[in-house]
Asker: 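Before I ask anything, let me first share the structure, which is written out below as structure tokens.
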Amino acid sequence: MTMYTIGLTGGIGTGKSEVLSILCDLGASTVEADLLAHEIYSPGKPAWQDIIDTFGSGILTAEQQINRKKLGEIVFTDRNKLSKLNQIVHPRIFDHLKELIEEQKMAGTRLLVIEAAVLIEAKWTEMVDSVWVVQASKGIIINRLKEKTTLTEEQITQRINAQISDAQRQEKANEILTNNGDKSDLRDQVRKLIIANNLNQE
């Protein structure tokens, strides 16, 4: 049977990880692009050196790891710097994702979900069969992130503003999940989409 690939995306704090967890429970194989980013940020990897060359050694910890919080403070307040970082990181993640997709196909995977916050803006949609967008209201996102992170409201707003808009995501979306309720409501939405798209793994 041919593998079907969902590209799962959405802005910060919308609940992508929650949807990914639900899809995993329903039998899907999953890949998190952000974890791949962590790998290519590792000391000794080509992206690590390029990031240091671009942003300076001040973003390194004592162990020579890239301090993502420090790096975030730099790039989320300057679109040009964010663009430079993306030019370093996105092509490498794209290549890694293509390899993983081929591995999953060879393994006989039926349903694969790739969670990537930048799926649309990085133009990775070509590698998936369907784009699922998770969205939530700005007030709910801010409250969630205040509870879950140490980010201030100003920092949260900076990150939201650095992303593409909901309208831009909706233009590319095949399916939209609105996560303004509880986990039960979100699970119901995911189940309905799985059934509607004939993707049931159970």
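Because only heavy atoms are used, hydrogens play no part in the values below, and waters and symmetry mates are left out as well, while side chains stay in. Numbers here are sequence positions counted from 1.
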Asker: Answer yes when Asp95 and Arg92 have at least one side-chain N-carboxylate O distance shorter than 4.0 Å, and no when they do not.
Answerer: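 Judged by the 4.0 Å cut-off on N to carboxylate O distance, Asp95 and Arg92 do not form a salt bridge.
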
Asker: Side chain to side chain contact (heavy atoms under 4.5 Å, CB included) for Val19 and Val190? Distances and angles first, verdict last.
Answerer: CA-CA 7 Å; Val19 174; Val190 173; 4.0 Å; yes

Asker: Does the side chain of His90 come within less than 4.5 Å of Lys123's, by heavy atoms?
Answerer: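 No; the side chains remain at least 4.5 Å from each other.
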
Asker: Could you tell me whether the side chain of Arg169 and the main chain of Val133 form a donor-acceptor pair under 3.5 Å?
Answerer: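 No.
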
Asker: Identify the heavy atoms of Ala116 and Thr9 that sit nearest to each other, and give their distance.
Answerer: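 The pair with the smallest heavy-atom distance is O-OG1, 2.7 Å.
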
Asker: Of all the heavy-atom pairs spanning Leu20 and Glu32, show the shortest one and how long it is.
Answerer: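 Closest heavy-atom pair between Leu20 and Glu32: CD2-CG, 3.4 Å.
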
Asker: Distance-only, no hydrogens or angles: does the Thr14 side chain make a donor-acceptor pair with backbone N or O of Gly11 under 3.5 Å?
Answerer: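 Yes, Thr14 side chain to Gly11 backbone: donor-acceptor pair under 3.5 Å.
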
Asker: Compare every heavy atom of Ile140 with every heavy atom of Asn179, then report the nearest pair and how far apart it is.
Answerer: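 Heavy-atom minimum between the residues: O-CG2, 4.5 Å.
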
Asker: Between Ser165 and Gln168 (side chain of the first, backbone of the second, donor and acceptor by atom type, cut-off under 3.5 Å), is there such a pair?
Answerer: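 Indeed, once roles are kept as given, a pair shorter than 3.5 Å links the two residues.
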
Asker: Checking Ser21 side chain against Ser17 main chain: does a donor-acceptor pair fall under 3.5 Å?
Answerer: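 Side chain of Ser21 to backbone of Ser17, a donor-acceptor pair under 3.5 Å: no, none is there.
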
Asker: Can you check side chain to side chain contact (heavy atoms under 4.5 Å, CB included) on His38 and Ser42, steps first, answer last?
Answerer: CA-CA 7 Å; His38 280 277; Ser42 298; over 6 Å; no

Asker: Which is it for Ile6 and Asp129 under the side chain to side chain contact (heavy atoms under 4.5 Å, CB included) test, yes or no, and what are the steps along the way?
Answerer: CA-CA 6 Å; Ile6 294 169; Asp129 298 304; over 6 Å; no

Asker: When you measure from the side chain of Thr157 to the backbone N and O of Glu153, does any donor-acceptor pair fall under 3.5 Å?
Answerer: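 Yes; at least one donor-acceptor contact below 3.5 Å.
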
Asker: Are any of the side-chain heavy atoms of Glu103 and Met106 separated by less than 4.5 Å?
Answerer: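 Contact flag for Glu103/Met106 side chains = no.
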
Asker: Output yes when a side-chain donor or acceptor of Asn174 lies under 3.5 Å from a complementary backbone atom of Val131, and no otherwise.
Answerer: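 Present.
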
Asker: Evaluate the side-chain proximity of Met127 to Ile101: yes if any heavy-atom separation is below 4.5 Å, no if none is.
Answerer: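 The answer is yes; the side chains approach within 4.5 Å.
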
Asker: Answer yes if the side chains of Asn143 and Glu147 hold a donor-acceptor pair under 3.5 Å, and no otherwise.
Answerer: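 Their side chains do not contain a donor-acceptor pair, so the 3.5 Å distance test is not met.
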
Asker: So Glu73 and Gln155, do their side chains get closer than 4.5 Å, heavy atoms only?
Answerer: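 Touching, per the 4.5 Å side-chain cut-off.
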
Asker: Do the side chains of Ile93 and Trp124 get nearer than 4.5 Å, heavy atoms only?
Answerer: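 Counting from C-beta outward, Trp124 and Ile93 do come under 4.5 Å.
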
Asker: Taking it one step at a time, do Asn86 and Val118 satisfy side chain to side chain contact (heavy atoms under 4.5 Å, CB included)?
Answerer: CA-CA 10 Å; Asn86 290 341; Val118 296; 5.6 Å; no

Asker: Is there a side-chain contact between Trp132 and Asn197 (heavy atoms, below 4.5 Å)?
Answerer: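 Trp132 reaches Asn197 side chain to side chain.
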
Asker: Let's go through Arg68 and Asp34 carefully: what are the C-alpha distance in whole Å and the side-chain angles of both, what is the deciding distance for salt bridge (charged side-chain N to carboxylate O under 4.0 Å, His left out) to 0.1 Å, and is it a yes or a no?
Answerer: CA-CA 12 Å; Arg68 288 168 67 103; Asp34 195 47; 3.0 Å; yes

Asker: Looking only at the side chains, is there a donor atom on one of Gln135 and Asn180 sitting less than 3.5 Å from an acceptor on the other?
Answerer: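 No.
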
Asker: Side chains of Leu26 and Arg191: closer than 4.5 Å at any heavy-atom pair?
Answerer: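 Touching, per the 4.5 Å side-chain cut-off.
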
Asker: Under a 3.5 Å cutoff, is there a donor and acceptor pairing between the side chains of Gln49 and Asp53?
Answerer: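 Judged by distance alone, the side chains do pair up.
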
Asker: Quick check for you: to the nearest 0.5 Å, what is the distance between Ile59 atom CD1 and Gln65 atom CD?
Answerer: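 Here the interatomic distance stands at 11.5 Å.
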
Asker: Working to the nearest 0.5 angstrom, can you tell me the gap between Lys69 NZ and Ile74 CD1?
Answerer: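 Answer rounded to 0.5 Å: 12.0 Å.
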
Asker: Testing the basics here: between Val113 and Ala28, what is the closest heavy-atom pair and its distance to 0.1 Å?
Answerer: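 Between these two residues, the closest heavy atoms are CG2-CB, 3.8 Å.
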
Asker: Closer than 3.5 angstrom, by distance alone: can the side chain of Gln189 be matched with the main-chain N or O of Thr178 as a donor-acceptor pair?
Answerer: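 At least one qualifying donor-acceptor pair exists.
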
Asker: With a 4.5 Å limit on heavy-atom distance, are the side chains of Ile52 and Leu60 in contact?
Answerer: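 When only atoms from C-beta onward are counted, Leu60 and Ile52 do touch, with a gap below 4.5 Å.
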
Asker: Identify whether NZ of Lys or CZ of Arg in Arg110 sits under 6.0 Å from the centre of the six-membered ring of Tyr4 and within 45° of that ring's axis.
Answerer: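 Judged by the rule (NZ or CZ under 6.0 Å from the ring centre, within 45° of its axis), Arg110 is not positioned above Tyr4.
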
Asker: Which hydrophobic side chains are connected to Ile160, either touching it within the sub-4.5 Å cutoff or through other members that do?
Answerer: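 Members besides Ile160, by chain and number: Ile12, Ile141, Ile142, Leu145, Leu151, Ile156.
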
